[in-house]
Amino acid sequence: MKVKLEDICKVVVRFSEIDQMQVVWHGSYVKYLEDGRESFGRHYPGIGYADIAASGKYAPIVDMHVKYYAPLALNDVAVIRTRYVYKMGARLDYSYEIRRERDNALCIKATTTQLFIDESGALMLESPDYYTEWQKKYGIGQEDE
């Protein structure tokens, strides 16, 4: 059985996030994805940014894909759905959908991949212990592939 972990958070579009066309600048969506990951980490404690930092390990983004469908504008509410995607290895993968709250229009679909690196900056081939424990806590493992 596949385990589905997801979080939904909302962000109100600020003036600093729009461009000359009065819609959200494409680069601002990257911040919304980070908002989604932060909210996900609070909802499912153990792999949030504070947890990663406390471990002495790092998890930089190494891959990101974003597909744009409809714009957000000033004062729109962005509904950010963040889903954990299990993949074997020392990595964190997420998929996202951002919708406009007022009409439920799909604005973007995206994915990110983060790889774990150790204190010296070396790529980790094995998952950190805290991440393995987190996966066990939520019943995530080989059967989810």
Side-chain angles (χ1 to χ4, degrees), residues 1-19 23-72 74-102 104-145:
M1 174 178 118
K2 283 195 174 239
V3 175
K4 302 241 189 253
L5 300 180
E6 73 175 23
D7 176 74
I8 296 174
C9 68
K10 296 179 181 183
V11 174
V12 177
V13 173
R14 299 178 314 170
F15 179 76
S16 63
E17 297 165 341
I18 62 173
D19 63 17
V23 297
V24 170
W25 174 64
H26 69 278
S28 294
Y29 288 94
V30 173
K31 174 68 172 92
Y32 298 156
L33 301 181
E34 185 170 348
D35 291 337
R37 287 190 304 279
E38 284 186 20
S39 182
F40 185 94
R42 286 189 299 273
H43 190 147
Y44 298 101
I47 60 164
Y49 285 123
D51 302 304
I52 294 170
S55 76
K57 310 293 188 260
Y58 306 98
I61 296 213
V62 297
D63 191 45
M64 178 184 306
H65 295 269
V66 181
K67 176 84 173 167
Y68 299 92
Y69 294 95
L72 287 163
L74 183 63
N75 294 323
D76 276 342
V77 175
V79 179
I80 306 162
R81 179 184 305 267
T82 305
R83 291 183 182 109
Y84 172 80
V85 178
Y86 172 76
K87 296 200 179 171
M88 288 180 61
R91 58 190 289 159
L92 283 167
D93 291 87
Y94 295 98
S95 68
Y96 312 82
E97 282 187 1
I98 297 179
R99 292 184 176 270
R100 206 168 40 219
E101 185 177 59
R102 65 182 154 84
N104 201 37
L106 178 63
C107 298
I108 71 161
K109 284 187 172 187
T111 61
T112 59
T113 299
Q114 296 167 258
L115 297 182
F116 289 104
I117 58 175
D118 66 18
E119 299 85 351
S120 69
L123 183 65
M124 296 179 65
L125 300 179
E126 299 290 325
S127 294
D129 291 340
Y130 75 91
Y131 181 49
T132 303
E133 289 302 313
W134 180 85
Q135 288 178 317
K136 287 179 188 173
K137 176 180 176 181
Y138 290 103
I140 298 165
Q142 302 275 343
E143 70 278 0
D144 292 319
E145 209 161 86

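Numbering starts at 1 and runs along the sequence shown.
To the nearest 0.5 Å, the span separating NZ on Lys4 from CZ on Arg83 amounts to 8.0 Å. Here the straight-line distance linking atom OH of Tyr44 with atom NZ of Lys137 works out to 11.0 Å at 0.5 Å rounding. Here the CD atom belonging to Glu38 is positioned 5.5 Å from the NZ atom belonging to Lys31, to the nearest 0.5 angstrom. Note that the OG1 atom of Thr82 and the CG atom of Leu33 stand 7.5 Å from one another [nearest 0.5 Å]. Distance SG/Cys107 to CG/Asp76: 7.5 Å, rounded to 0.5 Å. In this structure, the separation between CD on Gln135 and OG on Ser127 is 5.5 Å, given to the nearest 0.5 Å.
Between Gly46 and Asp51, the closest heavy-atom pair is N-OD2, 3.1 Å. Of all heavy-atom pairs spanning Glu34 and Tyr49, the tightest one is CG-OH, 3.7 Å. Here the closest heavy-atom approach between residue Cys9 and residue Asp35 is recorded as SG-O, 4.0 Å. The two residues Leu72 and Arg100 come nearest to each other via the heavy atoms CD2-CG, 3.6 Å.
Side-chain contact between Val79 and Ile98 is absent, with no heavy atoms from C-beta onward closer than 4.5 Å. In this structure the side chain of Val85 never reaches within 4.5 angstrom of the side chain of Thr111, judged on heavy atoms. Side chains of Ile117 and Lys57 form no contact here, defined as non-hydrogen atoms less than 4.5 Å apart. In this structure, the side chains of Asp19 and Val24 stay at 4.5 Å or more apart for every pair of heavy atoms.
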*Tell me, with the steps shown, if Val13 and Ile18 meet side chain to side chain contact (heavy atoms under 4.5 Å, CB included).*
CA-CA 8 Å; Val13 173; Ile18 62 173; 3.9 Å; yes

*Could you go step by step and tell me if Asn75 and Phe15 meet the side chain to side chain contact (heavy atoms under 4.5 Å, CB included) rule?*
CA-CA 8 Å; Asn75 294 323; Phe15 179 76; over 6 Å; no

*Check the pair Phe116, Tyr58 against ring pair (Phe, Tyr, Trp, His ring centres under 6.0 Å), reporting the backbone distance first and the verdict last.*
CA-CA 6 Å; Phe116 289 104; Tyr58 306 98; over 10 Å; no

_salt bridge (charged side-chain N to carboxylate O under 4.0 Å, His left out) between Arg99 and Glu101, worked out_ = CA-CA 6 Å; Arg99 292 184 176 270; Glu101 185 177 59; over 6 Å; no

*Apply the test ring pair (Phe, Tyr, Trp, His ring centres under 6.0 Å) to residues Trp134 and Tyr130: give CA-CA distance (whole Å), side-chain angles for both, the deciding distance (0.1 Å), then the verdict.*
CA-CA 6 Å; Trp134 180 85; Tyr130 75 91; 9.5 Å; no

*Is there a side-chain hydrogen bond (donor to acceptor under 3.5 Å, both in side chains) between Tyr32 and Glu17 once you walk through the steps?*
CA-CA 10 Å; Tyr32 298 156; Glu17 297 165 341; 2.6 Å; yes

*Applying side chain to side chain contact (heavy atoms under 4.5 Å, CB included), run through Val30 and Met64 and close with a yes or a no.*
CA-CA 9 Å; Val30 173; Met64 178 184 306; 3.8 Å; yes

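Heavy atoms from other residues, nucleotides or ligands lying under 6.0 Å from NZ of Lys10 number 12 at most. No more than 12 heavy atoms of other residues, nucleotides or ligands lie within 6.0 Å of CD in Glu126, so this atom counts as exposed by the packing criterion. Remark: Asn104 CG is packed, more than 12 non-hydrogen atoms of other residues, nucleotides or ligands lying under 6.0 Å away.
Test Tyr94, Tyr84, Tyr96 against Arg37 for side-chain hydrogen bond (donor to acceptor under 3.5 Å, both in side chains) and you get one pass: Tyr96.
In this structure a side-chain-to-backbone donor-acceptor pair under 3.5 Å is present from Gln114 to Ala59. Using a distance-only test at 3.5 Å, with no hydrogens or angles considered, a donor-acceptor pair links the side chain of Ser55 to the main chain of Ile52.
Using modelled atom types, one finds a donor on one side chain and an acceptor on the other under 3.5 Å when comparing Asp93 with Thr113.
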